[in-house]
Amino acid sequence: MAIRVVVQEEPFDFGAEAEGFAAGRTDMGAVVTFTGVVRDVSGTLATMEIEHYPGMTQKALEKIATEAEARWELGEVLVIHRYGRMGPGERIMMVATASKHRGHAFEAAEYLMDYLKSRAPFWKKESGAEGASWVAAKDEDEDALSRW
Amino acid sequence: MAIRVVVQEEPFDFGAEAEGFAAGRTDMGAVVTFTGVVRDVSGTLATMEIEHYPGMTQKALEKIATEAEARWELGEVLVIHRYGRMGPGERIMMVATASKHRGHAFEAAEYLMDYLKSRAPFWKKESGAEGASWVAAKDEDEDALSRW
Amino acid sequence: MDLLYFAWVRERIGLPKERYETEAATVNDLIEELRGREERYALAFSDLSALRVALDQELSEFDAPLAGVREVAFFPPMTGG
Amino acid sequence: MDLLYFAWVRERIGLPKERYETEAATVNDLIEELRGREERYALAFSDLSALRVALDQELSEFDAPLAGVREVAFFPPMTGG
């Protein structure tokens, strides 16, 4: 079982990461990826800036991935998350899971996302025509943790 | 909303499909992919041969994708499924979903997979050291439909 | 009508497709007829719980009527994905 | 100890990090002290339900003890992903 966690400012190559993830393994029948993209909800977003807590981010993501590994049969787990400035349509982050069973791969990816949203130290700030504002956490994101 | 369904014998380029799916859209915050891979359960698999029903396959997959579109807010849906002969570790198929909401993207991808497994006319035959045999459908695959 | 067979149904019957004329009213009636033709048909249709049927390329039930149907396909439960 | 502030907590207090010596026994005690320092701290810590705290880079509770802690970070609920 291999966990890889990457926190970086520069864009990542989603196609290459997807292509390379669990590639060539003959014991994993199911691969799931999730990708988060900067969404321009109002039509006026210029940039999104993601702040993070450098000393804590990597550790927090590794902890979440390790917990997923303990709950499901996973062959590989990948988490990539960017920080810094990005524009509408840019990929913010991705997770990928590989398992023998499609149910495990799906559930583990959803678990990673639910915990990453509420437990990894990232904060989004949107800037556009109407000024700049911090994205508020949603109650539903915290509530999502209760299903695990 | 765009649905793309591809049924083909030759391998597909997963990295390029993942990279290109919903690329550049600024209204979709969440992208999920699922990939099915030939798994060598016994360690003796030589090839997997997938038979399909040419006149029905494309229609059946389009119907499943259209039903997913009606149930969730989806911006794009992609289904690719191969037939013919492939070896351990080769990618058999993929689905991808893009939505504003991560819950919708995840649920729609799981729905597509559950229905594709039990309602799209594909049959797998494994050949190896112990001879050749048709993969049996699992009760749990049929049962999975009841959650939708 | 055309009869199509897939996977082990095709292997047991020994052909992928055949032309067949029938007065059978439903899929069940058709299966009864086919069972009576030859041992290989009787074998292929011995356990209906292991079979699925599509009429004109749409999944159907065994009690569905055959009036107007041009293509009947028999196969085991699907195993794609 | 080091105090770290992120997102709008950082903006309200006006700095990302400061060195601070305290005898406060818990995070709550520390917050009481900080609120008393200046208006910008009172403002940043006015609504604890909108704040989270990490002690030495682990998420913690406001009643957690500070003994031995070297780094305290305050920030709003996370919004990654």
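Every chain is numbered from 1, with letters handed out A, B, ... down the list of sequences. Hydrogens, waters and symmetry mates play no part in the numbers below; they use all other heavy atoms, side chains included.
For chain A, the nearby parts of B:Met113 are the backbone and the side chain; heavy atoms of each come within less than 4.5 Å. Both the backbone and the side chain of B:Ala30 come within contact range of chain A, judged by heavy atoms closer than 4.5 Å. Heavy atoms closer than 4.5 Å to chain A are found in both the backbone and the side chain of B:Ala109. Looking at B:Val32, both its backbone and its side chain come within 4.5 Å of chain A, counting heavy atoms on both sides.
The shortest distance between side-chain heavy atoms of A:Phe12 and A:Val6 does not fall below 4.5 Å.
Looking at every heavy atom in both residues, B:Ala68 comes nearest to B:Leu74 through O-CD1, 3.7 Å. Scanning all heavy atoms of the two residues, the minimum distance from A:Val38 to A:Gly87 falls at CB-O, 3.4 Å. Closest of all the heavy-atom pairs between B:Ala60 and B:Ala120 is CB-CA, 4.4 Å. Of all the heavy atoms in B:Ala22 and B:Ala98, the pair that sits closest is CB-CB, 3.9 Å.
Applying the ring pair (Phe, Tyr, Trp, His ring centres under 6.0 Å) rule to B:Phe34 yields the partners A:Phe106; only residues at least two apart in sequence or on another chain are considered.
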| message | What verdict does the side-chain contact (heavy atoms from CB on, under 4.5 Å) test give for B:Met28 and A:Val37, after you've listed the backbone C-alpha separation in whole Å, the side-chain angles of each residue and the deciding distance to 0.1 Å? | response | CA-CA 7 Å; B:Met28 294 289 121; A:Val37 179; 6.0 Å; no
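Taken from CD1 in B:Ile64 to CD1 in B:Ile3, the straight-line distance is 11.0 Å, to the nearest 0.5 Å.
Contacts with chain A were tallied for B:Ala18, B:Gly89, B:Gly29; B:Gly29 has the most, counting heavy-atom pairs under 4.5 Å.
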Enumerate the inter-chain donor-acceptor pairs under 3.5 Å for chain B and chain A, one line per pair.
residue: B:Gly15; atom: N; partner: A:Glu19; partner atom: OE1; Å: 2.9
residue: B:Glu19; atom: O; partner: A:Arg91; partner atom: NH2; Å: 2.9
residue: B:Glu19; atom: OE1; partner: A:Gly15; partner atom: N; Å: 2.9
residue: B:Glu19; atom: OE2; partner: A:Arg91; partner atom: NH1; Å: 3.1
residue: B:Thr26; atom: O; partner: A:Asp40; partner atom: N; Å: 2.8
residue: B:Gly29; atom: O; partner: A:Val37; partner atom: N; Å: 2.9
residue: B:Val31; atom: N; partner: A:Thr35; partner atom: O; Å: 3.0
residue: B:Val31; atom: O; partner: A:Thr35; partner atom: N; Å: 2.7
residue: B:Thr33; atom: N; partner: A:Thr33; partner atom: O; Å: 2.9
residue: B:Thr33; atom: O; partner: A:Thr33; partner atom: N; Å: 2.9
residue: B:Thr33; atom: OG1; partner: A:Thr33; partner atom: OG1; Å: 2.5
residue: B:Thr35; atom: N; partner: A:Val31; partner atom: O; Å: 2.7
residue: B:Thr35; atom: O; partner: A:Val31; partner atom: N; Å: 2.9
residue: B:Val37; atom: N; partner: A:Gly29; partner atom: O; Å: 2.9
residue: B:Asp40; atom: N; partner: A:Thr26; partner atom: O; Å: 2.8
residue: B:Arg91; atom: NH1; partner: A:Glu19; partner atom: OE2; Å: 3.1
residue: B:Arg91; atom: NH2; partner: A:Glu19; partner atom: O; Å: 2.9
residue: B:Arg102; atom: NH1; partner: A:Asp141; partner atom: OD1; Å: 3.2
residue: B:Arg102; atom: NH2; partner: A:Asp114; partner atom: OD1; Å: 2.6
residue: B:Asp114; atom: OD1; partner: A:Arg102; partner atom: NH2; Å: 2.7
residue: B:Asp141; atom: OD1; partner: A:Arg102; partner atom: NH1; Å: 3.2

